Visitor: 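Sharing a structure here in structure tokens format.
Each chain gets a letter, A, B and so on, in the order the sequences are listed, and its residues count up from 1. Just so you know, these numbers come straight off a predicted model, no measurement behind them.
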Number of protein chains: 2
Amino acid sequence: MEERGISRAVIGRLPRYYRYLGELLEAGVERISSSDLSKKMRVTASQIRQDLNNFGGFGQQGYGYNVKYLYTEIGKILGLNREHPIIIIGAGNLGQALANYASFEKSGFTLKGLFDVNPRLEGVSIRGIPVRMMDDLEEFLQKNEIEIAILTLPKSKAIEVAELVIENGIRAIWNFAHTDLNLPEDVIVENVHLSDSLMKLSYNISRYNEEHQK
Amino acid sequence: MEERGISRAVIGRLPRYYRYLGELLEAGVERISSSDLSKKMRVTASQIRQDLNNFGGFGQQGYGYNVKYLYTEIGKILGLNREHPIIIIGAGNLGQALANYASFEKSGFTLKGLFDVNPRLEGVSIRGIPVRMMDDLEEFLQKNEIEIAILTLPKSKAIEVAELVIENGIRAIWNFAHTDLNLPEDVIVENVHLSDSLMKLSYNISRYNEEHQK
DNA sequence: TAGATTGTTAATCGATTAACAATC
DNA sequence: TAGATTGTTAATCGATTAACAATC
């Protein structure tokens, strides 16, 4: 159904569309036109129609888009209709914050395991999932089908742990270590750099200050 | 020095350049050519030169770029040479994770205060900063010059708290609530949506799976 | 000087916007 | 049917890449 060769720019916008449609759905809105959505999201109506049409016609002339249908279809494109078994490696504050973030579950990301080196965390459970020690990781991966490993680890550990999980069948990594992981071609990685986003904020503040003291 | 009208795309790449240059600096590398940097970062050398030239000539023909100088200059462009007093509102796992992230300090973001509604956190300190109760926020903002408020709050609280801090002089917000904040024009906001990044990972997995079962 | 590599212009490519015919 | 709004083509705009003259 979905065509190959959709541009990065379009994909990058889909999650945001999905979120806004989710909000409309919760608010009980049944249908919406590209023009109304564009006002809400501060993008052009043209772009919304163009983006959606990459995947086929989800709307109807003279009517607009059915919110629930569109929400579901974008969910399918993003793969949110399947289950994604995940584990989190590194159960510090960030690991625990992610583990507690229940909305992931709603989108199909189900937490199967939590790992850490810190023996003090042994016995601790988060949302019913016990923190396991790193020594048990390899065996765990062999016994359980896990799709995504979420790494909240210090830079120094991230690379070796990434290699370990890949050896044991993991094909996708969501990386919060403060370094880009450069892994084999067939491993799918998203490197998250919160500090990049903070630096952009800082840049915008600088520009703002410059303009306002002229 | 820096010109107006630099494109978003360029700004978006600066933090990544900055990070890589930081790594080179730590590794003791003194100079680097756009071509070597391009291999390391998997972008074109042309793009690196084009990007940097938006801000003036940082390199030297026949030599390349001095790593330390370039690092410092990009830091200046991003505003990392100034101090940015910050507070974190919401001292749960995510708030604590951010408070503990010491590298922020290195880039000029100094933590001045931590706030939460949860009385159980009263008395808890993170890196020497005590968690204060939300009732004290307004007074605190009036007595201290704070530039950035970091919000790690549930959706339902985010909007009212954002309005409160803005009334008390905050001009920049780094927002981790699961909703976009639409605030007055003169407030600078970065909305962080971790789930967007996870959805992109999910999309990439889907495409990968499609291709490999053909 | 010869070699290397930038700064910068020109060419290409892709993404966004505008416009409108198709159609519900 | 008339009105509304999509799907889609064409026009515009911007960003990336290629090429090379300037210069260290």
Visitor: In whole angstrom, what separates B:F55's CZ from C:dT6's P?
Guide: 17 Å

Visitor: Can you confirm if the aromatic rings of B:F115 and B:F140 lie within a centre distance of less than 6.0 Å?
Guide: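 Yes - the distance between ring centres of B:F140 and B:F115 falls below the 6.0 Å cut-off.
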
Visitor: Would you call A:K112 and A:E83 a salt bridge, using N to O less than 4.0 angstrom?
Guide: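 Yes, charged N to carboxylate O under 4.0 Å.
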
Visitor: Could you check whether B:N175 and B:E190, counting side-chain N and O atoms only, form a donor-acceptor pair closer than 3.5 Å?
Guide: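 B:E190 vs B:N175: no donor-acceptor pair found between side chains.
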
Visitor: Check each of B:V161, B:D116, B:N118 against B:M134 using the side chain to side chain contact (heavy atoms under 4.5 Å, CB included) test, and report the only one that passes.
Guide: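 Testing B:M134 for a side chain to side chain contact (heavy atoms under 4.5 Å, CB included) against B:V161, B:D116, B:N118 leaves exactly one candidate, B:V161.
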
Visitor: Please determine, by modelled atom types, if B:S195 and A:R19 share a side-chain donor-acceptor pair under 3.5 angstrom.
Guide: no

Visitor: Please name all residues satisfying side-chain hydrogen bond (donor to acceptor under 3.5 Å, both in side chains) with B:S202, sequence neighbours left out, ordered by chain then number.
Guide: A:H84

Visitor: Atom CG of A:L52 and atom C1' of D:dT8: how far apart are they, to the nearest Å?
Guide: 14 Å

Visitor: When you compare the protein's N or O atoms with those of nucleotides 21-24 of chain D, which come within less than 3.5 Å of each other, and at what distance?
Guide:
from	atom 1	to	atom 2	distance (Å)
D:dC24	O3'	B:Q60	NE2	3.3
D:dC24	O2	B:Q61	O	3.3

Visitor: Calculate, to the nearest 0.5 Å, the distance between atoms NZ and CG belonging to B:K68 and B:L24 respectively.
Guide: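 Going from the NZ atom of B:K68 to the CG atom of B:L24 covers 14.0 Å.
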
Visitor: Rounded to the nearest 0.5 Å, what's the gap from CZ on B:R171 to CG on A:N204? Could you check?
Guide: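 Answer for the CZ-CG pair, B:R171 versus A:N204, is 14.5 Å.
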
Visitor: Tell me which residues in residues 27-37 of chain B lie within less than 4.0 Å of DNA chain D, going by non-hydrogen atoms.
Guide: none

Visitor: Whenever both distances are under 3.5 Å in a Watson-Crick or G-U wobble pair, mark it; put DNA chain C into dot-bracket that way, with [ ] for crossing pairs and | when the partner is on another strand.
Guide: ..||||||||||||||||||||||

Visitor: Do B:H193 and B:D180 have a side chain donor and acceptor closer than 3.5 Å?
Guide: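 The criterion, which ignores hydrogens and geometry beyond distance, is satisfied for B:D180 and B:H193.
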
Visitor: Do the rings of B:Y69 and B:F58 sit parallel, tilted or perpendicular, given the 30° and 60° boundaries?
Guide: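 B:Y69 vs B:F58 ring planes: perpendicular.
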
Visitor: Between side-chain atoms of residues 25-38 of chain B and protein atoms elsewhere (two or more places apart, or another chain), which donor-acceptor pairs fall under 3.5 Å?
Guide:
from	atom 1	to	atom 2	distance (Å)
B:R31	NH1	B:Y63	O	2.5
B:S33	OG	B:D36	N	3.1
B:S34	OG	B:R49	NH1	3.0
B:S35	OG	B:K39	NZ	3.4
B:S38	OG	B:S35	O	2.8

Visitor: Whole angstrom is fine here: how far is it from CZ in A:F58 over to C1' in D:dG7?
Guide: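 Atom CZ in A:F58 sits about 13 Å away from atom C1' in D:dG7.
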
Visitor: Specify whether A:F176 and A:W174 have parallel, tilted or perpendicular ring planes, treating 30° as the upper limit for parallel and 60° as the lower limit for perpendicular.
Guide: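 Ring orientation of A:F176 relative to A:W174: perpendicular.
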
Visitor: Measure the acute angle between the ring planes of B:F104 and B:F109, then classify it against the limits of 30° and 60° as parallel, tilted or perpendicular.
Guide: perpendicular

Visitor: Please work out which residues in residues 39-49 of chain B have a non-hydrogen atom less than 4.0 Å from an atom of DNA chain D and list them by number.
Guide: B:T44, B:S46, B:Q47, B:R49

Visitor: With a non-hydrogen cut-off below 4.0 angstrom, is B:R8 in contact with a base, only sugar-phosphate, or nothing?
Guide: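 Result for B:R8 = nothing.
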
Visitor: Would you indicate which nucleotide in D:dA15, D:dG7, C:dT16 comes nearest to any side-chain atom of A:N53?
Guide: D:dG7

Visitor: Tell me if the side-chain of A:Q50 makes a donor-acceptor pair with the base of D:dT6, cut-off 3.5 Å, by modelled atom types.
Guide: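 Answer is no: no donor-acceptor pair is held.
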
Visitor: Tell me whether the OP1 or OP2 atom of D:dG7 has a side-chain N or O from A:Y65 closer than 4.0 Å.
Guide: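 Looking at the OP1 and OP2 atoms of D:dG7, one of them is under 4.0 Å from a side-chain N or O of A:Y65.
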
Visitor: Which whole-number value in Å describes the distance from B:I11 CD1 to D:dG14 P?
Guide: 16 Å

